Amino acid sequence: MSSTPQTYTTSTAASQSWFARASTVTPGGVNSPVRAFNAVGGTPRFIASAQGPWLTDVDGRRYVDLIGSWGPMLLGHAHPEVVAAVQDAVARGTSYGTPTEPEVMLAEEIVARTPVEKVRLVSSGTEATMSAIRLARGFTGRDVVVKFAGCYHGHVDSLLASAGSGLATHAIPGTPGVPGSSTELTVVLPYNDREALRAVFAERGHEIACVITEAAPGNMGVVPPEAGFNGFIAQLCRTVGALMISDEVMTGFRASPQGFWGLDGALEGWAPDLMTFGKVMGGGFPAAAFGGRADVMAHLAPEGPVYQAGTLSGNPVATTAGLTTLRLATEEVYAHVQQVGDVLKVGAAEALTAAGVPHTVQAAGTMFSVFLCDGPVLDYEGAQRTDTAAYAAFFTSMLEQGVHLPPSAFEAWFCSAAHDDEAVQAVLDALPAAARAAAGAGGAV
Ligand SMILES: *Cc1c(COP(=O)(O)O)cnc(C)c1O
(Lines give C-alpha, C1' and ligand atoms only; values in the text may rest on other atoms or scores of the structure.)
Protein backbone atom coordinates (compact mmCIF):
# COMPACT_ATOMS: atom_id res chain seq x y z
CA MET A 1 0.00 0.00 0.00
CA SER A 2 1.34 3.42 -0.90
CA SER A 3 1.86 5.81 1.98
CA THR A 4 1.19 8.78 -0.27
CA PRO A 5 -2.47 8.46 -1.21
CA GLN A 6 -2.43 11.60 -3.36
CA THR A 7 -0.17 9.88 -5.89
CA TYR A 8 -2.91 7.39 -6.88
CA THR A 9 -4.58 9.96 -9.13
CA THR A 10 -5.36 13.64 -8.99
CA SER A 11 -8.45 13.30 -11.15
CA THR A 12 -11.85 14.22 -9.78
CA ALA A 13 -13.62 13.45 -13.08
CA ALA A 14 -15.75 10.64 -11.73
CA SER A 15 -16.89 12.62 -8.67
CA GLN A 16 -17.73 15.56 -10.93
CA SER A 17 -19.73 13.34 -13.23
CA TRP A 18 -21.65 11.77 -10.32
CA PHE A 19 -22.24 15.19 -8.79
CA ALA A 20 -23.74 16.40 -12.08
CA ARG A 21 -26.04 13.37 -12.15
CA ALA A 22 -26.92 13.85 -8.47
CA SER A 23 -27.72 17.51 -9.00
CA THR A 24 -30.30 16.69 -11.66
CA VAL A 25 -32.27 14.41 -9.33
CA THR A 26 -31.50 15.77 -5.84
CA PRO A 27 -31.54 19.39 -4.59
CA GLY A 28 -27.93 20.55 -4.41
CA GLY A 29 -26.76 17.05 -5.33
CA VAL A 30 -26.58 15.89 -1.70
CA ASN A 31 -28.92 14.25 0.79
CA SER A 32 -27.79 16.39 3.72
CA PRO A 33 -26.63 20.00 3.30
CA VAL A 34 -23.52 19.47 5.43
CA ARG A 35 -22.10 17.28 2.64
CA ALA A 36 -22.21 20.11 0.09
CA PHE A 37 -19.05 22.03 -0.76
CA ASN A 38 -20.86 25.38 -1.11
CA ALA A 39 -18.85 26.92 1.72
CA VAL A 40 -15.44 25.63 0.62
CA GLY A 41 -15.72 25.40 -3.18
CA GLY A 42 -15.14 22.39 -5.41
CA THR A 43 -17.02 19.14 -5.89
CA PRO A 44 -18.01 16.76 -3.09
CA ARG A 45 -16.08 13.51 -3.34
CA PHE A 46 -18.27 10.48 -4.00
CA ILE A 47 -16.93 7.73 -1.78
CA ALA A 48 -16.87 4.20 -3.13
CA SER A 49 -15.49 2.43 -0.09
CA ALA A 50 -13.84 2.99 3.25
CA GLN A 51 -11.51 0.98 5.44
CA GLY A 52 -10.16 1.93 8.87
CA PRO A 53 -9.19 5.63 8.67
CA TRP A 54 -9.25 5.77 4.85
CA LEU A 55 -11.88 6.82 2.34
CA THR A 56 -11.54 5.86 -1.34
CA ASP A 57 -13.47 7.92 -3.85
CA VAL A 58 -14.93 6.91 -7.22
CA ASP A 59 -11.80 8.20 -8.96
CA GLY A 60 -9.71 5.79 -6.90
CA ARG A 61 -8.19 8.53 -4.75
CA ARG A 62 -7.55 7.86 -1.04
CA TYR A 63 -8.13 10.30 1.83
CA VAL A 64 -7.49 10.17 5.55
CA ASP A 65 -11.01 10.53 6.92
CA LEU A 66 -11.56 13.22 9.56
CA ILE A 67 -15.33 13.34 9.06
CA GLY A 68 -16.05 9.88 10.45
CA SER A 69 -19.62 10.08 9.12
CA TRP A 70 -19.93 13.17 11.36
CA GLY A 71 -19.26 11.15 14.47
CA PRO A 72 -20.45 7.54 14.29
CA MET A 73 -17.27 5.84 13.06
CA LEU A 74 -15.47 5.70 16.43
CA LEU A 75 -13.87 2.35 15.52
CA GLY A 76 -13.00 3.35 11.95
CA HIS A 77 -14.66 2.07 8.80
CA ALA A 78 -15.60 -1.53 8.11
CA HIS A 79 -14.38 -2.86 11.46
CA PRO A 80 -14.22 -6.63 10.82
CA GLU A 81 -16.22 -7.58 13.93
CA VAL A 82 -18.94 -5.02 13.21
CA VAL A 83 -19.12 -6.15 9.58
CA ALA A 84 -19.39 -9.80 10.63
CA ALA A 85 -22.12 -9.09 13.20
CA VAL A 86 -24.08 -7.05 10.66
CA GLN A 87 -23.74 -9.70 7.94
CA ASP A 88 -24.95 -12.29 10.39
CA ALA A 89 -27.94 -10.11 11.36
CA VAL A 90 -28.85 -9.28 7.76
CA ALA A 91 -28.92 -12.96 6.87
CA ARG A 92 -31.61 -13.49 9.53
CA GLY A 93 -33.92 -10.89 7.98
CA THR A 94 -33.74 -7.12 8.16
CA SER A 95 -36.90 -6.01 10.00
CA TYR A 96 -39.80 -7.79 11.66
CA GLY A 97 -41.93 -5.14 13.34
CA THR A 98 -41.76 -7.18 16.54
CA PRO A 99 -39.43 -7.01 19.56
CA THR A 100 -35.94 -8.50 19.15
CA GLU A 101 -32.97 -9.37 21.38
CA PRO A 102 -30.37 -6.86 20.14
CA GLU A 103 -32.58 -3.85 20.91
CA VAL A 104 -32.84 -4.97 24.55
CA MET A 105 -29.09 -5.49 24.78
CA LEU A 106 -28.38 -2.10 23.19
CA ALA A 107 -30.74 -0.41 25.65
CA GLU A 108 -28.99 -2.24 28.52
CA GLU A 109 -25.61 -1.07 27.27
CA ILE A 110 -26.82 2.56 27.16
CA VAL A 111 -28.34 2.28 30.65
CA ALA A 112 -25.09 0.76 31.94
CA ARG A 113 -22.94 3.62 30.64
CA THR A 114 -25.11 6.63 31.35
CA PRO A 115 -27.41 7.92 34.12
CA VAL A 116 -30.58 7.12 32.13
CA GLU A 117 -32.87 4.51 33.70
CA LYS A 118 -34.98 3.73 30.64
CA VAL A 119 -34.52 4.33 26.92
CA ARG A 120 -36.64 4.33 23.80
CA LEU A 121 -34.88 3.58 20.51
CA VAL A 122 -35.56 5.67 17.40
CA SER A 123 -33.88 6.03 13.99
CA SER A 124 -32.26 9.48 14.01
CA GLY A 125 -31.00 12.12 16.40
CA THR A 126 -33.70 14.43 15.12
CA GLU A 127 -36.38 11.96 16.18
CA ALA A 128 -34.70 11.58 19.56
CA THR A 129 -34.74 15.30 20.39
CA MET A 130 -38.20 15.82 18.90
CA SER A 131 -39.57 12.99 21.05
CA ALA A 132 -37.72 14.14 24.18
CA ILE A 133 -39.21 17.63 23.81
CA ARG A 134 -42.71 16.16 23.39
CA LEU A 135 -42.22 13.98 26.45
CA ALA A 136 -40.94 16.93 28.50
CA ARG A 137 -43.99 18.96 27.51
CA GLY A 138 -46.33 16.04 28.16
CA PHE A 139 -44.76 15.34 31.55
CA THR A 140 -44.69 18.93 32.80
CA GLY A 141 -47.88 20.15 31.13
CA ARG A 142 -45.90 23.24 30.01
CA ASP A 143 -44.95 24.47 26.53
CA VAL A 144 -41.86 26.69 26.62
CA VAL A 145 -38.55 25.21 25.46
CA VAL A 146 -35.24 26.95 26.18
CA LYS A 147 -32.30 26.32 23.85
CA PHE A 148 -28.93 27.93 23.21
CA ALA A 149 -27.78 29.72 20.08
CA GLY A 150 -25.34 27.57 18.10
CA CYS A 151 -26.61 24.29 19.56
CA TYR A 152 -27.99 21.95 16.91
CA HIS A 153 -30.55 19.34 17.89
CA GLY A 154 -31.53 17.99 14.47
CA HIS A 155 -34.00 19.60 12.10
CA VAL A 156 -36.91 19.71 14.55
CA ASP A 157 -39.15 22.68 13.64
CA SER A 158 -39.24 24.17 17.11
CA LEU A 159 -35.45 23.84 17.50
CA LEU A 160 -34.40 25.36 14.18
CA ALA A 161 -33.64 28.75 15.67
CA SER A 162 -29.94 29.73 15.79
CA ALA A 163 -29.09 26.10 15.23
CA GLY A 164 -25.38 25.99 14.41
CA SER A 165 -23.21 24.48 11.74
CA GLY A 166 -25.42 23.44 8.80
CA LEU A 167 -27.23 26.75 8.97
CA ALA A 168 -24.13 28.78 9.85
CA THR A 169 -22.17 27.27 6.96
CA HIS A 170 -24.88 28.27 4.54
CA ALA A 171 -25.64 31.56 6.34
CA ILE A 172 -29.31 30.67 6.86
CA PRO A 173 -30.70 32.47 9.93
CA GLY A 174 -33.21 29.79 10.89
CA THR A 175 -35.16 28.55 7.90
CA PRO A 176 -38.23 29.24 5.78
CA GLY A 177 -40.90 26.58 6.16
CA VAL A 178 -40.98 26.80 9.94
CA PRO A 179 -43.99 28.87 10.98
CA GLY A 180 -43.56 31.45 13.69
CA SER A 181 -46.03 29.45 15.74
CA SER A 182 -43.50 26.58 15.85
CA THR A 183 -40.71 28.69 17.32
CA GLU A 184 -42.68 31.21 19.37
CA LEU A 185 -42.54 28.81 22.32
CA THR A 186 -38.75 28.45 21.91
CA VAL A 187 -36.53 30.83 23.87
CA VAL A 188 -33.00 31.10 22.48
CA LEU A 189 -30.23 32.22 24.84
CA PRO A 190 -26.49 32.80 24.36
CA TYR A 191 -24.44 29.74 25.32
CA ASN A 192 -22.48 29.74 28.58
CA ASP A 193 -24.57 32.71 29.81
CA ARG A 194 -25.82 32.05 33.35
CA GLU A 195 -27.27 35.53 33.76
CA ALA A 196 -29.50 35.12 30.71
CA LEU A 197 -30.72 31.77 32.03
CA ARG A 198 -31.36 33.16 35.51
CA ALA A 199 -33.36 36.03 34.01
CA VAL A 200 -35.59 33.84 31.84
CA PHE A 201 -36.22 31.45 34.72
CA ALA A 202 -37.11 34.33 37.03
CA GLU A 203 -39.58 35.70 34.51
CA ARG A 204 -41.08 32.56 32.93
CA GLY A 205 -39.96 29.67 35.13
CA HIS A 206 -43.49 28.32 35.63
CA GLU A 207 -43.98 28.10 31.81
CA ILE A 208 -40.73 26.25 31.04
CA ALA A 209 -41.09 22.58 30.10
CA CYS A 210 -37.40 22.01 29.49
CA VAL A 211 -33.97 23.36 28.73
CA ILE A 212 -32.30 21.45 25.90
CA THR A 213 -28.55 21.79 25.47
CA GLU A 214 -25.73 19.95 23.74
CA ALA A 215 -23.78 18.34 26.59
CA ALA A 216 -20.75 20.00 25.02
CA PRO A 217 -21.65 21.85 21.83
CA GLY A 218 -19.96 20.43 18.75
CA ASN A 219 -22.17 21.94 16.08
CA MET A 220 -20.72 25.46 16.17
CA GLY A 221 -17.26 23.94 16.37
CA VAL A 222 -16.39 22.53 19.79
CA VAL A 223 -17.38 25.02 22.52
CA PRO A 224 -17.09 23.28 25.88
CA PRO A 225 -19.38 24.42 28.69
CA GLU A 226 -17.67 26.56 31.30
CA ALA A 227 -17.01 24.61 34.49
CA GLY A 228 -20.29 24.01 36.31
CA PHE A 229 -22.52 25.38 33.53
CA ASN A 230 -24.41 22.13 32.88
CA GLY A 231 -24.81 21.50 36.61
CA PHE A 232 -26.20 25.04 36.92
CA ILE A 233 -28.82 24.24 34.25
CA ALA A 234 -29.77 21.02 36.05
CA GLN A 235 -30.18 22.84 39.35
CA LEU A 236 -32.15 25.73 37.87
CA CYS A 237 -34.53 23.29 36.18
CA ARG A 238 -35.10 21.48 39.46
CA THR A 239 -36.08 24.69 41.27
CA VAL A 240 -39.07 25.28 38.93
CA GLY A 241 -39.96 21.69 37.98
CA ALA A 242 -38.67 21.96 34.42
CA LEU A 243 -36.67 19.13 32.83
CA MET A 244 -33.09 19.30 31.63
CA ILE A 245 -32.52 17.52 28.32
CA SER A 246 -28.87 16.89 27.61
CA ASP A 247 -28.36 16.21 23.91
CA GLU A 248 -25.49 13.73 23.61
CA VAL A 249 -26.19 12.68 20.03
CA MET A 250 -22.68 13.80 19.09
CA THR A 251 -20.79 13.51 22.39
CA GLY A 252 -22.45 10.29 23.60
CA PHE A 253 -20.00 7.35 23.68
CA ARG A 254 -17.44 9.62 21.94
CA ALA A 255 -16.28 12.40 24.27
CA SER A 256 -15.66 9.64 26.84
CA PRO A 257 -16.96 6.08 27.39
CA GLN A 258 -19.94 7.68 29.16
CA GLY A 259 -20.20 10.61 26.79
CA PHE A 260 -19.62 14.15 27.98
CA TRP A 261 -21.64 13.42 31.12
CA GLY A 262 -18.79 11.11 32.19
CA LEU A 263 -16.53 14.18 32.39
CA ASP A 264 -19.16 16.42 33.92
CA GLY A 265 -22.25 15.27 35.84
CA ALA A 266 -20.63 11.95 36.78
CA LEU A 267 -17.89 13.86 38.62
CA GLU A 268 -20.12 16.61 40.02
CA GLY A 269 -22.90 14.26 41.14
CA TRP A 270 -25.90 15.32 39.07
CA ALA A 271 -27.79 13.85 36.11
CA PRO A 272 -29.99 15.33 33.39
CA ASP A 273 -33.67 14.36 33.47
CA LEU A 274 -33.58 13.25 29.83
CA MET A 275 -30.77 12.54 27.40
CA THR A 276 -30.60 11.97 23.66
CA PHE A 277 -28.14 9.74 21.82
CA GLY A 278 -27.32 8.87 18.21
CA LYS A 279 -24.25 8.73 15.96
CA VAL A 280 -21.77 6.30 17.71
CA MET A 281 -24.57 4.17 19.23
CA GLY A 282 -25.79 3.31 15.70
CA GLY A 283 -22.39 2.06 14.52
CA GLY A 284 -22.97 3.77 11.16
CA PHE A 285 -26.62 2.70 10.86
CA PRO A 286 -29.75 4.76 11.52
CA ALA A 287 -30.21 4.22 15.24
CA ALA A 288 -30.68 6.78 17.98
CA ALA A 289 -32.32 6.95 21.39
CA PHE A 290 -33.70 9.10 24.13
CA GLY A 291 -33.94 8.14 27.76
CA GLY A 292 -33.88 9.34 31.32
CA ARG A 293 -35.65 9.20 34.64
CA ALA A 294 -37.94 6.17 34.92
CA ASP A 295 -40.84 8.28 36.22
CA VAL A 296 -40.58 10.62 33.22
CA MET A 297 -40.14 7.80 30.69
CA ALA A 298 -43.23 6.10 32.20
CA HIS A 299 -45.31 8.84 30.54
CA LEU A 300 -44.41 7.43 27.12
CA ALA A 301 -46.85 5.23 25.19
CA PRO A 302 -47.77 2.43 25.62
CA GLU A 303 -47.02 2.80 29.35
CA GLY A 304 -48.28 6.39 29.44
CA PRO A 305 -50.21 8.90 27.33
CA VAL A 306 -47.41 10.67 25.37
CA TYR A 307 -47.42 9.17 21.87
CA GLN A 308 -44.22 8.25 20.05
CA ALA A 309 -43.60 5.43 17.54
CA GLY A 310 -41.46 4.19 14.63
CA THR A 311 -41.75 1.44 12.00
CA LEU A 312 -37.98 0.82 11.98
CA SER A 313 -37.26 1.80 15.61
CA GLY A 314 -34.88 -0.72 17.19
CA ASN A 315 -34.19 -2.25 13.78
CA PRO A 316 -32.29 -5.53 14.31
CA VAL A 317 -29.47 -4.74 11.86
CA ALA A 318 -28.95 -1.20 13.17
CA THR A 319 -29.07 -2.24 16.82
CA THR A 320 -26.64 -5.11 16.13
CA ALA A 321 -24.19 -2.64 14.57
CA GLY A 322 -24.61 -0.23 17.49
CA LEU A 323 -24.34 -2.91 20.15
CA THR A 324 -21.22 -4.42 18.57
CA THR A 325 -19.66 -0.96 18.27
CA LEU A 326 -20.31 -0.10 21.92
CA ARG A 327 -19.01 -3.47 23.10
CA LEU A 328 -15.79 -2.85 21.15
CA ALA A 329 -15.51 0.75 22.40
CA THR A 330 -13.19 -0.05 25.29
CA GLU A 331 -11.07 2.27 27.44
CA GLU A 332 -8.18 1.55 25.03
CA VAL A 333 -10.27 2.83 22.12
CA TYR A 334 -10.96 6.14 23.89
CA ALA A 335 -7.32 6.44 24.96
CA HIS A 336 -6.21 5.99 21.35
CA VAL A 337 -8.74 8.48 19.97
CA GLN A 338 -7.62 10.97 22.62
CA GLN A 339 -3.97 10.46 21.77
CA VAL A 340 -4.51 10.83 18.01
CA GLY A 341 -6.48 14.01 18.70
CA ASP A 342 -3.70 15.38 20.91
CA VAL A 343 -1.13 14.85 18.13
CA LEU A 344 -3.37 16.48 15.51
CA LYS A 345 -4.26 19.42 17.80
CA VAL A 346 -0.58 20.20 18.36
CA GLY A 347 0.24 19.65 14.68
CA ALA A 348 -2.52 21.96 13.50
CA ALA A 349 -1.66 24.67 16.03
CA GLU A 350 2.05 24.54 15.12
CA ALA A 351 1.38 24.75 11.38
CA LEU A 352 -1.09 27.64 11.79
CA THR A 353 1.26 29.50 14.14
CA ALA A 354 4.16 29.07 11.71
CA ALA A 355 1.99 30.47 8.90
CA GLY A 356 0.77 33.37 11.05
CA VAL A 357 -2.90 32.33 10.97
CA PRO A 358 -4.95 33.35 14.04
CA HIS A 359 -6.50 30.22 15.52
CA THR A 360 -7.70 28.50 18.64
CA VAL A 361 -8.05 24.78 19.26
CA GLN A 362 -10.86 23.73 21.62
CA ALA A 363 -11.71 20.31 22.99
CA ALA A 364 -14.40 18.45 24.91
CA GLY A 365 -13.07 15.05 25.93
CA THR A 366 -11.81 13.31 22.81
CA MET A 367 -13.62 15.80 20.54
CA PHE A 368 -11.88 18.90 19.22
CA SER A 369 -12.07 21.56 16.56
CA VAL A 370 -9.85 24.26 15.14
CA PHE A 371 -11.29 27.78 14.91
CA LEU A 372 -9.53 30.17 12.57
CA CYS A 373 -9.83 33.15 14.91
CA ASP A 374 -8.35 34.16 18.25
CA GLY A 375 -9.80 32.36 21.26
CA PRO A 376 -11.36 31.48 23.45
CA VAL A 377 -14.68 30.88 21.67
CA LEU A 378 -17.41 30.80 24.33
CA ASP A 379 -20.61 31.04 22.30
CA TYR A 380 -22.16 31.24 18.84
CA GLU A 381 -21.33 34.90 18.39
CA GLY A 382 -17.70 34.08 19.14
CA ALA A 383 -17.72 31.10 16.76
CA GLN A 384 -18.87 33.32 13.94
CA ARG A 385 -15.60 35.26 14.13
CA THR A 386 -13.90 32.25 12.52
CA ASP A 387 -12.38 33.15 9.14
CA THR A 388 -14.45 31.10 6.70
CA ALA A 389 -12.43 32.20 3.64
CA ALA A 390 -9.23 31.03 5.31
CA TYR A 391 -10.92 27.76 6.23
CA ALA A 392 -12.04 27.20 2.63
CA ALA A 393 -8.43 27.51 1.45
CA PHE A 394 -7.21 25.31 4.31
CA PHE A 395 -9.83 22.64 3.59
CA THR A 396 -9.12 22.61 -0.15
CA SER A 397 -5.38 22.25 0.37
CA MET A 398 -5.87 19.40 2.84
CA LEU A 399 -8.25 17.65 0.44
CA GLU A 400 -5.81 17.97 -2.47
CA GLN A 401 -3.15 16.45 -0.20
CA GLY A 402 -5.39 13.50 0.67
CA VAL A 403 -7.01 14.53 3.95
CA HIS A 404 -10.82 14.85 4.08
CA LEU A 405 -11.87 17.40 6.72
CA PRO A 406 -15.51 18.42 7.22
CA PRO A 407 -16.41 20.96 4.49
CA SER A 408 -17.41 23.50 7.16
CA ALA A 409 -15.47 25.78 9.47
CA PHE A 410 -17.93 25.01 12.29
CA GLU A 411 -17.34 21.28 12.84
CA ALA A 412 -15.27 18.95 14.97
CA TRP A 413 -12.52 16.85 13.38
CA PHE A 414 -13.52 13.24 14.04
CA CYS A 415 -10.75 10.70 14.73
CA SER A 416 -11.15 6.97 15.25
CA ALA A 417 -9.46 4.02 16.89
CA ALA A 418 -8.27 3.06 13.39
CA HIS A 419 -6.23 6.24 12.83
CA ASP A 420 -2.77 4.67 12.86
CA ASP A 421 0.69 6.22 12.48
CA GLU A 422 0.44 6.24 8.69
CA ALA A 423 -2.87 8.14 8.70
CA VAL A 424 -1.73 10.56 11.40
CA GLN A 425 1.53 11.23 9.59
CA ALA A 426 -0.35 11.93 6.35
CA VAL A 427 -2.37 14.60 8.17
CA LEU A 428 0.73 16.11 9.82
CA ASP A 429 2.52 16.21 6.45
CA ALA A 430 -0.39 18.07 4.85
CA LEU A 431 -0.88 20.71 7.57
CA PRO A 432 1.95 23.19 6.78
CA ALA A 433 0.93 23.78 3.15
CA ALA A 434 -2.73 24.04 4.16
CA ALA A 435 -1.85 26.59 6.85
CA ARG A 436 0.08 28.65 4.27
CA ALA A 437 -2.94 28.49 1.93
CA ALA A 438 -5.14 29.71 4.80
CA ALA A 439 -2.70 32.59 5.45
CA GLY A 440 -2.96 33.60 1.79
CA ALA A 441 -6.76 33.56 1.79
CA GLY A 442 -7.49 34.90 5.27
CA GLY A 443 -9.43 38.05 6.01
CA ALA A 444 -11.32 37.93 2.72
CA VAL A 445 -14.66 37.43 4.48
C1 LIG B 1 -26.23 15.07 14.68
C2 LIG B 1 -26.94 15.69 15.80
C3 LIG B 1 -28.34 15.65 15.90
C4 LIG B 1 -29.22 15.12 14.80
O5 LIG B 1 -29.02 13.78 14.54
P6 LIG B 1 -29.53 13.20 13.11
O7 LIG B 1 -29.32 11.74 13.25
O8 LIG B 1 -28.68 13.86 12.08
O9 LIG B 1 -30.96 13.58 12.97
C10 LIG B 1 -28.92 16.13 17.06
N11 LIG B 1 -28.19 16.65 18.06
C12 LIG B 1 -26.84 16.73 17.99
C13 LIG B 1 -26.08 17.29 19.13
C14 LIG B 1 -26.18 16.27 16.85
O15 LIG B 1 -24.85 16.41 16.77
Side-chain angles (χ1 to χ4, degrees), residues 30-36 67-74 114 120-134 136 145 147-169 175 186 191 210-225 230 233 244-256 259-261 264 272 274-292 308 310 312-315 318-319 321-322 325 364-369 380 383 406 408 410-414:
V30 291
N31 282 306
S32 189
V34 298
R35 298 175 199 169
I67 298 184
S69 186
W70 304 87
M73 308 320 297
L74 181 71
T114 70
R120 169 65 53 86
L121 300 179
V122 294
S123 300
S124 72
T126 295
E127 259 188 280
T129 59
M130 180 184 78
S131 306
I133 295 274
R134 184 182 308 143
V145 172
K147 82 175 284 283
F148 297 103
C151 284
Y152 178 67
H153 304 291
H155 61 102
V156 179
D157 276 4
S158 63
L159 301 177
L160 274 180
S162 297
S165 58
L167 298 159
T169 306
T175 171
T186 307
Y191 191 64
C210 60
V211 176
I212 184 166
T213 183
E214 283 189 67
N219 284 292
M220 50 176 148
V222 174
V223 178
N230 284 333
I233 297 173
M244 175 186 185
I245 304 176
S246 182
D247 182 352
E248 293 237 24
V249 171
M250 184 182 283
T251 50
F253 318 112
R254 173 167 282 277
S256 90
F260 192 76
W261 179 81
D264 190 9
L274 292 173
M275 299 178 83
T276 54
F277 308 102
K279 299 199 167 104
V280 170
M281 64 150 283
F285 281 79
F290 65 103
Q308 187 279 332
L312 294 177
S313 293
N315 172 270
T319 50
T325 297
T366 70
M367 270 172 42
F368 70 97
S369 67
Y380 194 38
S408 162
F410 305 96
E411 297 288 350
W413 299 13
F414 290 106

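All ligand and atom numbering here is 1-based and tracks the order in the structure. It should be emphasised that the depicted structure is a prediction, and the values quoted were computed from it without experimental measurement.
By the criterion of a heavy-atom distance under 4.0 Å, neither the backbone nor the side chain of Thr251 is placed next to ligand 1.
Taking each heavy atom of Gly154 and Thr126 in turn, the nearest pair found is CA-OG1, 3.3 Å. Of all heavy-atom pairs between Thr213 and Cys151, the closest is OG1-SG, 4.3 Å. Heavy atoms only, all atoms of each residue included: Val222 and Ala412 are closest at CG2-CB, 3.8 Å. Annotation for Pro406 and Trp413: closest pair CD-CD1, 4.5 Å, computed over non-hydrogen atoms.
Of all protein heavy atoms, the one closest to atom 11 (N) of ligand 1 is Asp247 OD2, 2.7 Å. With hydrogens left out, the protein atom closest to atom 5 (O) of ligand 1 is Gly125 CA, 3.2 Å, a heavy atom.
Distance alone, capped at 3.5 Å, is enough to place a donor-acceptor pair between the Thr129 side chain and the His153 backbone. Asn315 places no side-chain N or O within donor-acceptor distance of the main-chain N or O of Ala287, the cut-off being under 3.5 Å.
In the model, Gln308 has a side-chain atom that pairs as donor or acceptor with a side-chain atom of Arg120 under 3.5 Å.
At a 3.5 angstrom cut-off on N or O pairs, His153 does not count as close to ligand 1. An N or O contact shorter than 3.5 Å links Thr126 to ligand 1 by distance. Between Val249 and ligand 1, a contact under 3.5 Å exists for no N or O pair. At least one N or O atom of Asn219, backbone or side chain, sits closer than 3.5 Å to an N or O atom of ligand 1.
In this structure, the side chains of Phe260 and Asn230 come closer than 4.5 Å at one or more pairs of heavy atoms.
Considering each of Lys279, Glu411, Met250, His155, the one bringing a non-hydrogen atom nearest atom 14 (C) of ligand 1 is Lys279.
Distance screen at 4.0 Å: atom 8 (O) of ligand 1 has no protein heavy-atom neighbour inside the cut-off.
Within ligand 1, counting atoms from 1 as listed, the ones closer than 4.0 Å to a heavy atom of Tyr152 are 11 (N), 12 (C), 13 (C). Listed by number with element, the atoms of ligand 1 under 4.0 angstrom from any heavy atom of Ser124 are 7 (O), 9 (O). Shown in contact with Glu214 at under 4.0 Å from a heavy atom are these atoms of ligand 1, numbered in order with element: 13 (C). Under a 4.0 Å criterion applied to the non-hydrogen atoms of Gly154, ligand 1 contributes the atoms 3 (C), 4 (C), 10 (C).
Put simply, CD on Glu214 and OG1 on Thr276 are 9.0 Å apart, with the number rounded to the nearest 0.5 Å.
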